[in-house]
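The structure under discussion appears below in the form of structure tokens.
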Amino acid sequence: MTAPAAPSVAAATTAFERLRAGDPAALARALTVLETDGAEADALRRRLHALVGSAVVVGVTGPPGVGKSTLVDAYVEALRRRRRTVAVLAVDPSSPLTGGAVLGDRTRMGQHTSDTGVFVRSIASRGHVGGLALSVPAMLDAVDVAGFDDIVVEAVGAGQSEVEISRFADVTVVVGAPGLGDDVQAIKAGILEVADVLVVNKGDLPLADQTAEHLRSMLRLRSTDRVPDVLTVSATERRGIDELVDAVAAAGRDRGEPGAGPRRRATELLRQRALAEVERRLAGDGLAGAALADLGAAVHRGEISLADATEAVLTRCAAIRPSQPADDGGDEPSGRDQR
Amino acid sequence: MTTTDHTQMTLPGFAAARDRWEGAYDRQLDDPRTIRNRSGIEIKPLYGPDDWDGSGYLDRLGFPGEAPYTRGIYPTMYRGRTWSQRQLIGLGTPADYNERIRFLIDNGSTAISLLPCNSGFRGLDCDEVPFPLLGTCGTVVNSVDHMDAALDGVSLADVSTAMNDPTPFTLLAFVLGVAKRRGVPFDRVTGTSNQSDYISHYVANHMFYRLSQPGSRRLLVDHVEYCRQAVPNWNPVSVVGQHMQQAGATPAETMGFTLSTAIQYADDCMARGMDPDEILPRFTFFFDVSISLFEEVAKFRAGRRIWARVARERLGARDPRSWRFKFHGQTSGVDLTAQQPLNNIARVATQAIAGIFGGLQSMHTDAYDEAITCPTEESARIAVATQNLLREEAHLCDVIDPLGGSYYVETLTDQMEAEILAVMDTIDAAGGMYDAVGSGLVQTMIGRSALAAQNRIDAGEEKVVGVNCYRDDADGVGPPPMRPDAERMRRFVDDFAAFKSARSHDEVDRQIAELRRAARSDDENVFARVVDAAWSGVTHGEIVAALRDELGFGDPLIVA
Amino acid sequence: MNETSSPPAPTALDAAPLRVLVTKIGLDGHDRGSRLVAAFLRDAGHEVIYTPPWQQVADVVTLAVQEDVDVIGVSSLATDHLIVPDLMDALRAAGLGHVAVVVGGIVPEQELPPLLEAGVRAVFGPGSSRDEIVGAVATWGVEARTAKLADGGFAR
């Protein structure tokens with residue numbers, strides 16, 4: 001770890017010191033805070049940025065039913081054999097209707113509950129359209145500061161979560177299984193582009209080798225320099241898992257110098273927040289939302305080009321000061337304080 | 001020509017009469033609402049020859065004891081031999097169990113079922129669990145000695161003993177050890193390995209889930225193979241519909257899933273080279289019988305009809321004994337309430353009638369306090385008496401398939417058959433029951449039905465007396481719960497510890513090593529090694545632990 | 001429903017969903033009830049961490065710590081409620097005394113007092129309505145969260 005030496009839990013007097021010492025209760029509380037907005041979360045994020053170390057973040061994604069959770073369970077086992085400490089963040093979608101969620105991924109990893117070298121946290125996407133939670137990049141920093149060697153983020157491949165994960169993970173593993181039509185899935189926009197390692201699980205099934213071959217041939221059609229590994233594994237039979245650990249380690253080394261990971265996460269956090277804020281402003285009744293409607297009508301009438309209209313909308317969004325709510329006038333005087 | 005046209009032709013004036021009745025019915029009825037049974041089938045107020053007219057009698061019903069067996073699997077049914085009164089019993093120590101079964105045999109029970117302690121279902125010995133939990137819901141049996149004490153005074157050659165015994169079937173291994181000690185030849189040992197259906201444990205009621213799916217799959221076939229050769233009159237397979245219905249599957253779904261599971265097991269055995277006629281005569285089924293009386297009767301009649309066809313046409317069995325759908329029915333605990341528990345006596349009687357009219361071969365009736373505690377002597381006696389009086393006083397055994405020919409029941413049987421076949425098609429499309437539960441499909445379907453049923457109760461559409469209607473909120477405190485005698489249990493656990501240290505450790509180690517070796521091999525019969533180990537004093541917990549290590553153990557897939 | 005006292009009136013905290021652990025300890029494996037309750041809680045907007053049955057008490061504590069839960073719902077059929085007091089002790093020893101614990105299932109009247117004395121907030125017997133259960137979880141959960149946040153958290 002490149003951060004300064006962490007205090008021991010016994011010597012720690014504040015929650016933050018306990019977090020740095022690796023206390024699971026402090027880490028869990030930090031994760032809860034980082035899932036919210038507000039001053040405490042902001043302050044915590046700043047302190048974390050100053051300290052993040054060298055945890056390796058592996059994203060594991062793929063369509064439902066391929067055995068991701070079982071694979072992660074086996075993967076964690078293999079890392080523990082190599083004496084590495086590991087945290088798992090398992091993301092599941094929240095109900096778009098009620099906002100609630102049933103989070104059951106960790107039921108596959110029950111054997112690790114009594115291992116103090118493993119920390120598992122279930123996360124709900126909380127309405128984030130891409131399928132991952134908005135706060136995952138910040139939560140990774142907290143886990144990193146707590147001292148874990150490896151962090152696995154597991155999420156169902158739905159929406160654009162594969163691509164999202166690849167933006168902040170050091171290594172992106174995409175999992176498929178034979179006979180699920182995953183060759184069709186694979187050519188869905190972006191997946192082959194983002195995978196560092198492709199895994200065909202359920203390797204005991206007859207079609208597994210064929211599926212792996214198919215994937216390899218699709219990869220060869222792309223004209224890039226890096227061709228990801230395609231591995232065949234069986235999570236339930238624990239075959240091919242050590243090879244997977246090695247492949248991930250090799251891909252990680254390819255990704256960039258130390259510190260690149262945390263910077264990447266911070267950038268992704270900013271990107272998500274910025275996009276969410278633009279959405280929020282456009283959705284409101286305020287200046288930006290009204291501008292959207294007016295400019296849309298103008299585009300329709302042919303009075304302005306799409307490119308010019310886009311620039312105008314974005315300018316409107318930016319014109320709203322951060323201290324004011326979106327439906328307040330940006331330029332007009334009002335009773336509120338303007339800074 | 002449709003049934004209606006046929007009726008019109010043979011019964012002139014029928015349509016006019018029916019229309020008159022419908023008119024009067026509609027005029028007098030204040031609240032016309034659609035009524036559906038638990039399987040979702042709409043139930044009309046009246047059925048007649050325009051619904052079913054008996055023209056398909058030989059194809060669809062036939063005579064008892066002949067395909068398609070709709071009316072019963074034997075020519076004589078209860079006139080020849082009544083169903084076995086096989087009460088599920090389990091409490092405390094083997095000595096406690098022995099006292100209870102002798103009492104019940106004196107009071108009319110004709111066969112035995114042994115329900116082990118929950119610790120046993122979890123694969124643990126009595127010294128591995130918190131003491132207060134021991135023997136509260138079943139009898140602790142971890143060794144051949146324990147089984148010997150439990151069956152003291154019971155003639156193994158004459159009394160059928162069902163063991164509630166999930167994979168790896170240690171209880172049967174202990175029973176065989178007792179038979180060997182008493183000089184009873186194994187071909188005289190009869191009974192059933194209840195809960196041998198590992199797929200049902202993966203899906204629902206995870207009570208009995210012990211080994212990984214692939215490991216259980218292998219062990220079941222080993223078990224069938226062993227019994228076929230060594231214990232030929234034992235039923236090694238009991239395909240269980242009970243757990244899924246209790247978890248919320250509708251009666252039609254339950255029958256569909258259960259038949260699909262039976263097909264899966266038959267396929268697995270045949271893949272290992274067994275002939276269908278060698279194994280299917282010893283396939284039995286185990287169902288919940290709910291209080292939805294007519295629906296249950298129709299479910300079982302349809303089940304018989306479908307299985308006869310499946311066994312012959314799909315599985316290729318040529319022996320008529322392979323086509324017979326033999327089942328045990330247990331009155332459904334899910335219909336019982338903790339509120340106003342004495343009402344449960346009436347519920348159980350109704351469920352028992354459904355089972356009898358449904359043609360079961362063996363029955364367990366719940367005690368009225370089932371929802372709260374392990375049965376007391378009195379409540380257990382009433383449960384058996386219920387079966388006795390239905391037989392002796394209501395004369396329910398006098399006529400075979402008495403509801404046969406009822407316009408309603410025949411129509412409903414056909415409709416249930418259609419629903420059941422649709423479920424079986426869904427499972428087939430998913431690659432068979434093993435794959436369907438692996439993917440969570442079955443769990444999802446059951447969860448949907450469970451939620452729908454709960455919604456109906458919450459909305460007051462489905463009435464439960466004492467719960468959402470006819471409540472008595474001044475319900476008194478019920479009887480104190482039954483708990484095993486703590487002193488006796490303490491002594492029992494101490495004796496068990498003494499037994500373990502007195503064993504030859506070398507022999508125990510050797511047996512466990514053999515067991516592990518067999519599990520790792522591709523072609524050895526693991527159950528045969530389980531039997532050897534049990535006879536050499538290896539305990540239940542030790543056997544399960546060794547097999548879990550070799551064959552795997554993962555949590556069942558929960559689909560919430 | 002049996003409780004020690006009526007739950008406090010709900011106060012508005014952050015808008016984040018409550019986190020509820022739904023689990024079974026002891027030896028019983030019937031989980032139809034706990035699955036339904038998990039679905040009810042999800043439909044009421046909460047996040048449910050759902051475990052298979054037969055959890056060890058020590059593991060439930062670990063889960064409660066890692067998932068920073070506000071409420072633990074223990075489903076108990078048969079006699080598993082007899083070891084709930086052990087769970088309460090373990091939670092307090094781990095500094096999780098503020099977490100609200102509720103029990104659902106069949107608990108004979110005579111065996112309720114030890115549970116309530118051990119700190120179980122409520123016991124839901126058969127016939128408890130969905131609204132009762134969800135309502136109680138919500139109000140006890142908000143109280144638990146308030147108590148938890150009272151220690152200042154990361155503000156220092």
Side-chain angles (χ1 to χ4, degrees), chain B residues 117-122 124 129-138 201 204-209 243 246-248 333-334 336-339 371-374 443 446-447 450-451 453-455 457-458 464 466-468 471 473 475-483 554-560, chain C residues 1-2 22-43 47-57 59 75-87 105-114 124-134:
Chain B
C117 174
N118 286 350
S119 57
F121 283 134
R122 297 305 309 123
L124 304 169
V129 302
F131 187 79
L133 302 181
L134 281 178
T136 55
C137 304
H201 309 154
N205 188 357
H206 308 300
M207 202 65 242
F208 311 98
Y209 183 72
H243 307 314
Q246 291 201 346
V334 173
L336 305 186
T337 62
Q339 300 90 322
I372 307 168
T373 176
C374 232
Q443 295 88 322
I446 294 179
L451 193 55
Q454 187 64 37
N455 287 340
I457 293 179
D458 285 347
V464 184
V467 174
N468 66 3
R471 285 171 70 113
D473 290 321
D475 253 332
V477 170
M482 280 278 291
R483 299 272 185 264
D555 284 317
L557 175 62
I558 311 273
V559 175
Chain C
M1 182 168 82
N2 300 274
V22 172
T23 186
K24 288 179 70 71
I25 56 179
L27 299 174
D28 181 71
H30 294 85
D31 57 1
R32 175 178 184 173
S34 56
R35 268 199 250 188
L36 280 172
V37 168
F40 297 160
L41 292 171
R42 174 200 57 214
D43 292 345
E47 289 171 2
V48 181
I49 292 98
Y50 185 85
T51 79
W54 329 301
Q55 296 298 311
Q56 299 290 326
V57 164
D59 285 348
S75 158
S76 171
L77 219 62
T79 45
D80 299 327
H81 63 278
L82 294 176
I83 58 173
V84 167
D86 296 340
L87 173 64
I106 309 253
V107 179
E109 290 273 340
Q110 304 85 342
E111 295 179 348
L112 279 173
F124 297 103
S128 302
S129 75
R130 174 195 313 220
D131 289 341
E132 264 183 273
I133 296 171
V134 171

When B/Val467, B/Leu133, B/Thr337 are compared by non-hydrogen pairs under 4.5 Å with chain C, the top option: B/Leu133

Of all heavy-atom pairs linking C/Arg35 and B/Gln443, the shortest is NH1-CB, 4.5 Å

So, the part of B/Pro132 with a heavy atom under 4.5 Å from chain C: the answer is both

If you measure only the distance, is there a donor-acceptor pair under 3.5 Å linking the side chains of C/Ser34 and C/Tyr50? yes

Applying a strict 4.5 Å limit to non-hydrogen atoms, the region of B/Val334 in contact with chain C is side chain

Residues in side-chain contact (heavy atoms from CB on, under 4.5 Å) contact with C/Ser76, at least two apart in sequence or another chain: C/Asp80, C/His81, C/Val103

Can you find a heavy atom in the side chain of C/Arg130 that is under 4.5 Å from one in the side chain of B/Asn455? yes

Heavy-atom distances under 4.5 Å only: say whether C/Thr79 touches chain B with side chain, backbone, both or neither. both

